[in-house]
K.L.:
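Got a structure here, written out as structure tokens. Questions coming.
Computed from a predicted structure; not experimentally measured. Start at 1 and go down the list; that is how both ligands and their atoms are numbered.
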Amino acid sequence: MIAIKDNIAAVELQISSACYQAHRHADEITLLAVSKTKTVELIEQAYDVGQRAFGESYVQEAVEKIIALQNKTDISWHFIGPIQTNKTKLIAEHFSWVHSIDRAKVAKRLNEHRSAQDTPLNVCLQVNISGEESKSGVFIDELPSLLTTVNDCENLCLRGLMAIPEKNASQASFIKMQKLFESLQKQYPTMDTLSMGMSADLQLAINAGSTLVRIGSAIFGARE
Ligand SMILES: *Cc1c(COP(=O)(O)O)cnc(C)c1O
């Protein structure tokens with residue numbers, strides 16, 4: 001059996017040590033446990049040691065797990081994968097957060113489908129900071145118009161930005177995200193979340209103001 005409990009404790013230690021080096025407090029950082037491809041049983045093990053925020057990337061698989069765990073009403077489910085427009089209904093119905101909005105059409109559809117729920121969907125816009133190389137995320141020059149669209153969606157709550165910097169990205173690209181985020185916070189006061197940082201780049205992300213790190217394999221083991 002994989003020692004989920006030990007893995008979470010180790011990741012939390014990594015977060016506090018990164019915070020210490022960055023002169024930040026560990027309670028400023030949310031640990032999102034990325035459970036894609038992992039079983040309900042493993043998620044329950046994480047839940048039993050206090051983990052409450054889980055990230056998923058594949059809609060069908062995620063919805064099955066969310067339904068199986070629906071009695072644990074204090075779990076917050078975050079959708080972090082690429083969004084196909086034909087999946088927006090399921091996402092709006094089952095998740096409380098979406099990190100990967102990258103175009104207006106997706107935002108509008110999530111907003112429509114969320115109208116049936118009594119709480120707004122918390123959303124981050126995924127920004128493509130590495131330019132052409134990565135496929136997902138809105139380019140920085142298209143971000144202002146997407147922000148306006150999302151901010152006008154009454155069933156979406158604009159919470160922040162998400163980024164997946166390219167492998168071996170420098171500290172500078174993380175700082176670029178931080179500056180962008182902080183400048184937008186003045187204009188959009190509901191923005192309080194910078195979703196940035198994975199196992200390999202935790203320190204760089206926390207140095208640059210990340211408020212949420214998305215950790216999968218370090219908690220649940222490698223994916224097949
Ligand atoms: C899978 C995934 C993660 C977690 O990656 P690990 O390398 O397993 O920690 C984080 N963010 C996103 C967007 C992912 O798809």
Side-chain angles (χ1 to χ4, degrees), residues 2-18 29-40 42-43 45-46 49 51-66 75-84 87-88 90-91 94-103 106 110 121-130 133-139 159-169 173-174 177-178 181 193-206 208-224:
I2 308 161
I4 299 290
K5 181 177 186 234
D6 297 344
N7 291 349
I8 290 180
V11 169
E12 280 172 348
L13 195 61
Q14 251 189 302
I15 293 172
S16 5
S17 134
I29 317 287
T30 299
L31 169 58
L32 182 69
V34 177
S35 48
K36 63 183 184 215
T37 79
K38 301 298 176 180
T39 62
V40 166
L42 288 175
I43 296 171
Q45 284 180 37
V49 295
Q51 181 63 34
R52 291 295 180 269
F54 292 91
E56 291 281 341
S57 301
Y58 310 110
V59 178
Q60 203 56 51
E61 175 208 322
V63 168
E64 283 169 24
K65 291 190 270 185
I66 293 170
I75 291 184
S76 67
W77 293 101
H78 295 232
F79 190 77
I80 61 174
I83 306 175
Q84 293 165 273
K87 296 283 163 56
T88 47
L90 281 173
I91 295 173
H94 294 280
F95 286 84
S96 51
W97 281 76
V98 174
H99 292 226
S100 41
I101 291 185
D102 63 356
R103 55 199 195 278
V106 161
L110 286 170
L121 183 62
N122 297 297
V123 302
C124 294
L125 308 192
Q126 182 175 351
V127 178
N128 184 335
I129 42 165
S130 314
E133 276 135 66
S134 120
K135 312 185 283 296
S136 3
V138 58
F139 289 111
R159 297 296 296 270
L161 302 180
M162 186 269 244
I164 310 176
E166 60 193 340
K167 234 179 166 201
N168 304 318
S173 19
F174 291 83
M177 272 303 289
Q178 176 178 32
F181 175 64
T193 302
L194 181 53
S195 166
M196 187 166 79
M198 301 168 41
S199 308
D201 56 17
L202 203 72
Q203 181 73 59
L204 295 180
I206 287 178
S210 165
T211 69
L212 182 149
V213 293
R214 307 178 308 266
I215 310 290
S217 42
I219 294 176
F220 295 109
R223 288 176 296 274
E224 252 104 85

K.L.:
For a salt bridge (charged side-chain N to carboxylate O under 4.0 Å, His left out) check, start with the C-alpha distance between Glu61 and Lys36, then their side-chain angles and the critical distance, and finish with the verdict.
P.N.:
CA-CA 8 Å; Glu61 175 208 322; Lys36 63 183 184 215; over 6 Å; no

K.L.:
For a quick test of reading the model, state the closest non-hydrogen atom pair linking Phe79 to Phe95 and the distance between them.
P.N.:
N-CD2, 3.3 Å

K.L.:
Using distance alone, with no hydrogens and no angle criterion, decide if Ser195 and Arg214 have a side-chain donor and acceptor under 3.5 Å apart.
P.N.:
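On atom types as modelled, these side chains qualify, holding a pair under 3.5 Å.
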
K.L.:
Can you produce the list of protein nitrogen or oxygen atoms under 3.5 Å from a nitrogen or oxygen of ligand 1, alongside each distance?
P.N.:
| unit_1 | atom_1 | unit_2 | atom_2 | d |
| --- | --- | --- | --- | --- |
| ligand 1 | 8 (O) | Ser217 | N | 2.8 |
| ligand 1 | 8 (O) | Ser217 | OG | 3.0 |
| ligand 1 | 8 (O) | Arg223 | NH1 | 2.7 |
| ligand 1 | 8 (O) | Arg223 | NH2 | 3.1 |
| ligand 1 | 9 (O) | Ser199 | OG | 3.4 |
| ligand 1 | 9 (O) | Gly216 | N | 2.8 |
| ligand 1 | 11 (N) | Arg214 | NE | 2.9 |
| ligand 1 | 15 (O) | Lys36 | NZ | 2.7 |

K.L.:
State whether the side chain of Ser16 and the backbone N or O of Glu12 hold a donor-acceptor pair below 3.5 Å, judged by distance alone.
P.N.:
yes

K.L.:
Which atom pair, heavy atoms only, marks the closest approach of Gly160 to Phe181?
P.N.:
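It is CA-CE1, 4.2 Å.
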
K.L.:
State the NE2-NZ distance between His94 and Lys65, to the nearest 0.5 angstrom.
P.N.:
14.0 Å

